[in-house]
> 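Mind looking over this structure? Questions follow.
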Amino acid sequence: MSLSRSTGASSNHPTSAPLRALPLGQVSQPPPQRFSQKTTLQRIQETEGRNWLYYQLFLRQDYDACNASLASTDEPGAANVQNAFGMYMKALIAKRQGKLAEAIDILKSSLAMDKRDQEVLKELICLSYLTCAYEQTLMYVEQFKQLTTSQDWSVDFYQGLCHEKLGNIGLAEEHLKSAINVQPQEKSYLTLARFYIRHKEQDKAVDILERAKRVFPDNQLIATTLGTLQIKSHKDLDKGFANLAQVASTPKNRSDEVLLALGSVMQQKMDTDGALKKYEAMVQDPSIVPSAALLNNVALCYLAKRRGTGNKDGKASTASQKEEASQRVLQAVACLKKAQQLAPMDWRIASNLGYVMKEVQLFATASFHLMATIRLTQKHPSPYTYLLLACTADNLEITGQANQLYKYSVKSNATRDPCVYLNYALFLLREGEKEKAIGMAVEGREAMVEWEQSGRTVDTVVTDAFRLLTKKLPLPPVLTHTASSASLKQQPSNMALGSSTTPPGSHEMIVAAEVEPSISTHE
């Protein structure tokens with residue numbers, strides 16, 4: 001009974017199933033589990049979310065987290081969908097970290113997957129240029145232009161830079177102009193201006209920067225570069241000063257380059273006190289580290305104040321005035337020594353140190369610094385450096401070397417500065433070579449006439465030296481020439497007379513930081 005009830009209960013149970021005997025040797029297997037299959041749309045949505053995360057981490061410059069997120073993608077289907085963008089982001093991170101070769105390899109792999117990816121090609125163009133692979137860059141440029149008929153300013157920009165590096169100057173200028181015409185960018189304007197400066201076309205550089213200023217009137221770098229270039233050209237001092245003053249009118253725009261350029265303009269206009277105020281503002285600003293250019297210009301201000309120290313009535317200077325002048329010289333030497341420590345390869349600082357040492361009659365030390373200046377300017381030696389060194393050798397009674405140096409100064413006198421010829425004439429007169437002295441004096445007289453006709457002024461010390469020379473030498477008669485009494489403070493005066501004028505190279509440092517540097521070609 002019990003067995004039959006039990007059997008009946010078992011047969012009526014809903015979960016009961018008849019037992020079957022398995023064949024010999026067969027093992028029972030669990031039933032297969034069913035997982036939800038993701039659709040293509042779901043995978044794309046997840047991929048877009050991951051790509052957004054990568055991009056946000058990249059913008060936050062959290063490169064380690066971004067790389068970790070890229071490496072954590074281990075689902076095969078999703079990895080294939082996001083592979084191109086992930087590789088692109090890896091390349092950008094490697095570029096930011098300075099791993100240019102690694103970035104190029106990643107982009108090449110990405111380009112192999114999709115040869116029509118224009119963004120990858122543009123990055124390859126930029127990175128190939130940065131690694132100096134100019135031929136390879138031009139190859140990528142041609143590949144990019146085959147994909148699209150529309151122009152891209154960055155492609156023309158790098159194409160122009162590559163042609164300049166390869167010596168194709170005409171093509172370089174054409175493509176840099178094309179980059180500006182396609183889409184005006186501050187970077188393109190500044191690079192084209194820098195291109196003109198490198199090829200000695202200052203007027204074109206000023207023109208392109210003036211155009212850039214009209215397009216980008218609030219750009220500080222363009223206004224600073226334009227003002228600096230106008231000042232260096234010695235043609236538009238007022239315009240250059242106005243451009244720099246515009247930049248300096250806003251406190252947040254007062255960079256050290258602007259204040260330095262403003263101070264140097266004041267030095268040119270002989271406003272030494274005003275220039276020192278600008279330089280003091282830079283020294284007192286904790287955010288500005290004193291540069292070699294700043295110290296150099298401060299030293300020149302001290303020298304100018306030293307020359308201004310004295311009795312203007314022509315009487316002998318008092319002991320206090322002599323003491324003050326000596327202090328100014330010591331301050332100038334200290335500033336120049338510190339500047340030379342900061343920029344040991346700057347020829348202007350070495351030249352100014354040589355001048356100061358000559359003024360204090362330390363001729364051996366002066367010759368050391370002047371020889372360093374010549375070695376630093378082997379490609380374009382300055383005639384004034386040879387002139388100073390010749391005067392130093394003359395004071396050291398090394399007559400043969402002094403004569404040779406005077407010849408070098410005359411040979412390199414491309415601007416036909418009268419003081420070069422007059423100094424050599426005085427030297428030849430002292431050595432008893434009267435005929436050669438007359439020839440040099442005639443050259444100096446003709447140079448003075450040329451300068452006056454071209455609107456340039458001649459230092460009064462030079463004109464006084466010429467009058468002194470004409471009393472000792474029978475020069476051929478010429479038309480009466482009235483030299484301008486204006487002072488040309490940018491050129492050295494007659495060093496043989498021992499006059500105290502602005503040393504050579506002093507106002508060549510007018511923009512101390514050359515805006516070439518400032519002009520950056522790449523971001």
Side-chain angles (χ1 to χ4, degrees), residues 126 129-130 132 134 137-138 141 151-244 246-247 255 257-258 260-261 264-265 268 293 347-348 377 379-380 382 414-415 454 490 507-523:
C126 174
Y129 174 78
L130 293 177
C132 301
Y134 306 125
T137 304
L138 293 178
V141 167
Q151 289 182 299
D152 189 283
W153 75 270
S154 63
V155 174
D156 285 322
F157 175 80
Y158 285 110
Q159 190 175 7
L161 292 179
C162 286
H163 279 301
E164 183 187 7
K165 295 294 185 181
L166 294 173
N168 305 323
I169 305 303
L171 288 174
E173 182 180 3
E174 177 185 344
H175 287 293
L176 288 174
K177 287 182 177 179
S178 176
I180 293 175
N181 294 332
V182 171
Q183 185 177 349
Q185 298 281 340
E186 296 98 324
K187 182 178 179 179
S188 301
Y189 278 112
L190 290 168
T191 303
L192 183 56
R194 175 76 181 206
F195 170 84
Y196 286 134
I197 292 171
R198 282 195 296 268
H199 295 89
K200 311 299 181 183
E201 296 183 279
Q202 307 289 341
D203 294 337
K204 289 186 178 181
V206 171
D207 291 340
I208 200 68
L209 287 171
E210 287 177 345
R211 283 176 51 193
K213 192 171 183 297
R214 288 192 292 269
V215 179
F216 305 101
D218 298 328
N219 187 281
Q220 174 188 354
L221 183 57
I222 290 175
T224 303
T225 307
L226 175 59
T228 301
L229 194 59
Q230 288 171 331
I231 293 171
K232 289 180 73 175
S233 64
H234 305 298
K235 294 180 180 178
D236 300 316
L237 287 177
D238 294 333
K239 288 183 180 180
F241 188 84
N243 284 322
L244 293 175
Q246 176 186 350
V247 177
S255 66
E257 295 176 1
V258 175
L260 191 61
S264 62
V265 173
Q268 279 191 316
W347 69 269
R348 298 176 182 87
T377 57
K379 292 184 179 180
H380 305 287
S382 171
T415 59
S454 62
Q490 296 166 346
H507 294 303
E508 291 298 328
M509 204 126 183
I510 184 171
V511 274
E514 297 223 347
V515 204
E516 288 231 58
S518 329
I519 301 176
S520 177
T521 305
H522 310 291
E523 291 179 352

> Please test Arg198 against Glu164 for side-chain contact (heavy atoms from CB on, under 4.5 Å), starting from the C-alpha separation and ending with a verdict.
CA-CA 11 Å; Arg198 282 195 296 268; Glu164 183 187 7; 2.8 Å; yes

> Nearest heavy-atom pair of Ser188 and Phe157: which atoms, and what distance?
OG-CD1, 4.0 Å

> Between Ile180 and Gln185, does the side-chain contact (heavy atoms from CB on, under 4.5 Å) criterion hold? Intermediate values first, please.
CA-CA 7 Å; Ile180 293 175; Gln185 298 281 340; over 6 Å; no

> Applying side-chain contact (heavy atoms from CB on, under 4.5 Å) between Cys162 and each of Asn168, Leu171, Leu138, report the one that passes.
Leu138

> Strictly distance-based, threshold 3.5 Å: is any side-chain N or O of Thr225 a donor or acceptor partner for the main-chain N or O of Leu221?
yes

> For the residue pair Ala205 and Ala193, what are the closest heavy atoms and their distance?
CB-O, 3.6 Å

> Have a look at Phe195 and tell me which of Ile208, Leu176, Leu161 forms a side-chain contact (heavy atoms from CB on, under 4.5 Å) with it.
Leu176

> So, taking the atom named OH in Tyr158 and the one named CG in Asp152, what distance separates them when rounded to the nearest 0.5 Å?
11.0 Å

> How far does NZ of Lys239 sit from CG of Leu229, to the nearest 0.5 angstrom?
13.0 Å

> For Asp207, check side-chain contact (heavy atoms from CB on, under 4.5 Å) against everything at least two apart and list the hits.
Glu210

> Quick one: CD1 on Ile222 to CG on Leu209, what's the gap to the nearest 0.5 Å?
7.0 Å

> Do Trp153 and Lys187 have side chains that get closer than 4.5 Å, going by heavy atoms?
yes

> Nearest 0.5 Å please: distance from the CD atom of Gln220 over to the CD atom of Glu186.
12.5 Å

> Which residue, Asp156, Leu192, Val182, forms the side-chain contact (heavy atoms from CB on, under 4.5 Å) with Lys177?
Leu192

> Show, in sequence, the C-alpha distance, side-chain angles and deciding distance for Tyr189 and Lys213, and conclude whether the side-chain contact (heavy atoms from CB on, under 4.5 Å) test is met.
CA-CA 9 Å; Tyr189 278 112; Lys213 192 171 183 297; over 6 Å; no

> How would you list, by chain and number, every residue that makes a ring-ring contact (aromatic ring centres under 6.0 Å, His included) with Tyr134, sequence neighbours excluded?
Tyr129

